Visitor: 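Please read through the structure below; I'll follow up with questions.
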There are 2 protein chains.
Amino acid sequence: MATGRTHRPATRSRGIPEATVARLPLYLRALTALSERSVPTVSSEELAAAAGVNSAKLRKDFSYLGSYGTRGVGYDVEYLVYQISRELGLTQDWPVVIVGIGNLGAALANYGGFASRGFRVAALIDADAAMAGKPVAGIPVQHTDDLEKIIKDNGVSIGVIATPAGAAQQVCDRLVAAGVTSILNFAPTVLSVPDGVDVRKVDLSIELQILAFHEQRKAGEEAASDGAGPAAVTREESARSADQGPDGDVPAVMPA
Amino acid sequence: MATGRTHRPATRSRGIPEATVARLPLYLRALTALSERSVPTVSSEELAAAAGVNSAKLRKDFSYLGSYGTRGVGYDVEYLVYQISRELGLTQDWPVVIVGIGNLGAALANYGGFASRGFRVAALIDADAAMAGKPVAGIPVQHTDDLEKIIKDNGVSIGVIATPAGAAQQVCDRLVAAGVTSILNFAPTVLSVPDGVDVRKVDLSIELQILAFHEQRKAGEEAASDGAGPAAVTREESARSADQGPDGDVPAVMPA
DNA sequence: GGTTGTGAACAGTTTCACAGCG
DNA sequence: CGCTGTGAAACTGTTCACAACC
């Protein structure tokens with residue numbers, strides 16, 4: 001799939017590593033808390049602790065933004081809040097639509113932190129005609145038929161998909177056709193989008209499976225060392241066989 | 001992130017890279033779909049397309065699990081489903097508790113994909129005494145006072161925190177003290193946990209901010225090249241796997 | 001003194017490209 | 001021939017450690 005796109009040649013000065021971008025919101029949150037407590041300055045060590053990273057990483061991250069600190073002193077909280085907000089594009093207003101107002105969509109609509117940082121729920125959209133007009137979080141739900149008009153009238157460029165998996169790609173296509181260029185996908189599906197559109201996904205089931213992997217590993221090692229730990233629950237431990245046998249057939253398979 | 005450590009010195013042969021682990025659930029989902037359509041074998045190219053990655057990456061990932069393919073042919077779907085499930089620890093039952101039954105907690109409790117893969121909602125816990133006994137998704141909500149007993153009686157090792165930010169660390173401490181060693185955190189807070197406990201976070205507000213960053217950049221470059229077509233930047237690749245995600249300050253209805 | 005900013009070493013991840021095998 | 005499996009190269013991200021500076 002090509003993905004083509006060379007990297008911007010000018011990716012020298014403005015090129016902030018993706019990993020750094022992903023941490024900026026974390027720093028911003030910690031800084032906002034400090035700001036509310038009227039703390040004037042903070043050292044990389046303190047801020048790093050509050051954000052849950054180590055200080056070297058934080059300093060390196062900030063170095064991509066510029067030299068906003070003062071040696072021997074630290075960083076000015078207000079100034080950094082502003083710089084990071086600007087870098088993230090939070091100094092402007094981002095109207096957002098949420099498509100799929102089920103349990104999750106409603107939870108997202110009610111989510112307070114939404115509005116707090118430049119994001120504004122411009123509309124709620126659902127395919128169920130019976131929901132049309134009903135207010136959720138104070139915003140009336142609109143029908144999918146009007147999706148394109150809603151996007152255009154509100155100048156929406158960020159869409160949140162909270163529909164069932166089966167509807168996600170179709171909704172995605174319509175959002176993109178209407179002008180949306182960033183999508184946050186909660187449906188457990190791989191969305192395909194044209195070049196130029198960003199997709200980020202949030203997938204509960206994947207997160208749990210990753211935890212289960214590590215959990216299983218812990219249980220396995222526990223056996224080797226002690227035995228006194230807290231409970232350990234594996235009911236059906238039964239050997240998780242060391243490794244494959246010489247080939248083998250497929251022993252019972254798993255659930256859906 | 002967070003979480004940290006994966007060390008284990010002796011983890012050389014069984015050491016599957018974290019990036020690979022994060023993709024296994026994706027492969028598993030694609031394989032399950034193929035399995036349901038009774039597709040017997042699949043090539044790395046086809047499976048990679050279905051999972052939204054490139055084939056070289058997929059083959060490298062599978063090579064960490066063992067040699068489960070057949071040259072010139074591809075992979076046996078059922079066999080791979082089994083192997084990945086086993087590797088992820090999904091052949092056993094994982095009882096999970098959800099703490100904080102607001103909008104989000106309820107959405108999670110109702111989420112079907114939960115039960116489908118070895119995860120079972122063992123209990124719902126909320127601090128609001130008025131909710132006690134009320135069923136959500138068919139499961140009666142229990143009061144926080146009984147948290148420790150619930151964890152122990154059910155042998156729970158995975159906990160989901162969907163409380164407001166202010167309550168998250170306290171809930172986390174109690175979960176850990178009661179024996180939980182893996183936590184999925186939806187509250188917008190950095191949790192601190194002792195060594196040996198895994199935390200993954202899902203933070204909606206962070207995801208949106210990352211999208212806003214890229215959105216802003218697109219808008220900026222548009223000015224430079226402008227003109228016809230979506231020429232701007234692209235990043236078709238599915239974003240990094242979820243690291244953060246939803247929920248923010250007040251997941252709605254939820255008293256501390 | 002204290003703390004930032006950063007080059008350089010290191011670690012992890014992705015991609016390439018092709019040998020090896022069915 | 002076709003497709004997997006994998007070394008090696010390229011790239012991205014993290015950590016170290018210290019010079020520069022207040």
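The chains referred to below are lettered A, B, ... by the order of the sequence lines, with proteins before strands, and numbering in each begins at 1. These figures come from a predicted structure and were not determined experimentally.
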Visitor: Evaluate the side-chain proximity of V176(B) to P194(B): yes if any heavy-atom separation is below 4.5 Å, no if none is.
Guide: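 Yes, their side chains come closer than 4.5 Å.
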Visitor: Does a side-chain N or O of R23(B) approach OP1 or OP2 of dT14(C) to a distance below 4.0 Å, or not?
Guide: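 Yes.
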Visitor: Output the rounded distance in Å from CG (L80(B)) to P (dT4(D)).
Guide: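 After rounding, the reported distance stands at 10 Å.
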Visitor: Taking atom P of dG13(D) as reference, at what distance in whole Å does atom CG of L24(A) sit?
Guide: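 Nearest whole value for this atom pair: 13 Å.
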Visitor: Treating S35(B) as the side-chain partner and L31(B) as the backbone partner, does any N or O pair qualify as donor plus acceptor under 3.5 Å?
Guide: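 No; zero donor-acceptor contacts below 3.5 Å.
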Visitor: Using the side-chain heavy atoms of E18(A), tell me which of these nucleotides is nearest: dT6(C), dG13(D), dG5(D).
Guide: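 Selected nucleotide (nearest to the side chain): dG13(D).
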Visitor: Go through dG13(D), dG5(C), dT4(D) for me and flag the one nearest to the S44(B) side chain.
Guide: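 Nearest nucleotide to the side chain: dT4(D).
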Visitor: Mind calculating the distance between CD (E46(A)) and C1' (dG2(C)) to the nearest angstrom?
Guide: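 The answer, rounded to whole Å, is 12 Å.
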Visitor: Using a cut-off of strictly less than 4.0 Å, decide whether N54(A) has a side-chain nitrogen or oxygen near OP1 or OP2 of dT14(D).
Guide: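 So the side chain of N54(A) is outside the cut-off, no N or O lying under 4.0 Å from OP1 or OP2 of dT14(D).
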Visitor: Any idea which heavy atoms bring T189(B) and R29(A) closest together, and the distance?
Guide: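 The pair with the smallest heavy-atom distance is N-NH1, 4.1 Å.
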Visitor: Distance check needed: dG13(D) C1' versus K57(A) NZ, whole Å only.
Guide: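 Nearest whole value for this atom pair: 8 Å.
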Visitor: Start at the 5' end of DNA chain D and walk down; is the nucleotide closest to P17(A) or to Y75(B) reached first?
Guide: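 The residue mapped nearer the 5' terminus is Y75(B).
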Visitor: Among dT6(C), dT4(C), dG13(D), find the nucleotide with the atom closest to the side chain of S43(A).
Guide: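 Nearest listed nucleotide: dT4(C).
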Visitor: Would you mind reading off the distance between E45(A) atom CD and dG5(C) atom P, rounded to a whole angstrom?
Guide: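 Atom CD in E45(A) sits about 14 Å away from atom P in dG5(C).
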Visitor: For a quick test of reading the model, state the closest non-hydrogen atom pair linking D203(A) to P188(A) and the distance between them.
Guide: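 What the structure gives for the nearest pair is OD2-CA, 3.7 Å.
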Visitor: Could you run down the sub-3.5 Å N/O contacts of the protein with nucleotides 19-22 of chain C?
Guide:
unit_1: dG20(C); atom_1: N3; unit_2: R71(B); atom_2: NH1; d: 3.2

Visitor: What is the distance, to the nearest angstrom, from the CG atom on L58(A) to the P atom on dT6(C)?
Guide: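 One finds 14 Å between P of dT6(C) and CG of L58(A), rounded.
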Visitor: Is it the case that the side chains of T32(B) and E36(B) hold a donor-acceptor pair, with the cut-off being a distance below 3.5 Å and no angle test?
Guide: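 No - no donor-acceptor pair under 3.5 Å links their side chains.
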Visitor: Which nucleotide in the set dT15(D), dT15(C), dT4(C) lies at the smallest distance from any side-chain heavy atom of K60(B)?
Guide: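 Comparing dT15(D), dT15(C), dT4(C) against the side chain of K60(B), the answer is dT15(C).
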Visitor: Starting at CZ of F186(A), measure out to CZ of R200(A) and round the result to the nearest 0.5 Å.
Guide: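 Taking CZ in F186(A) and CZ in R200(A), the distance rounds to 11.0 Å.
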Visitor: For atom CD of Q169(B), is the number of surrounding heavy atoms from other residues, nucleotides or ligands below 6.0 Å larger than 12?
Guide: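 Enclosed.
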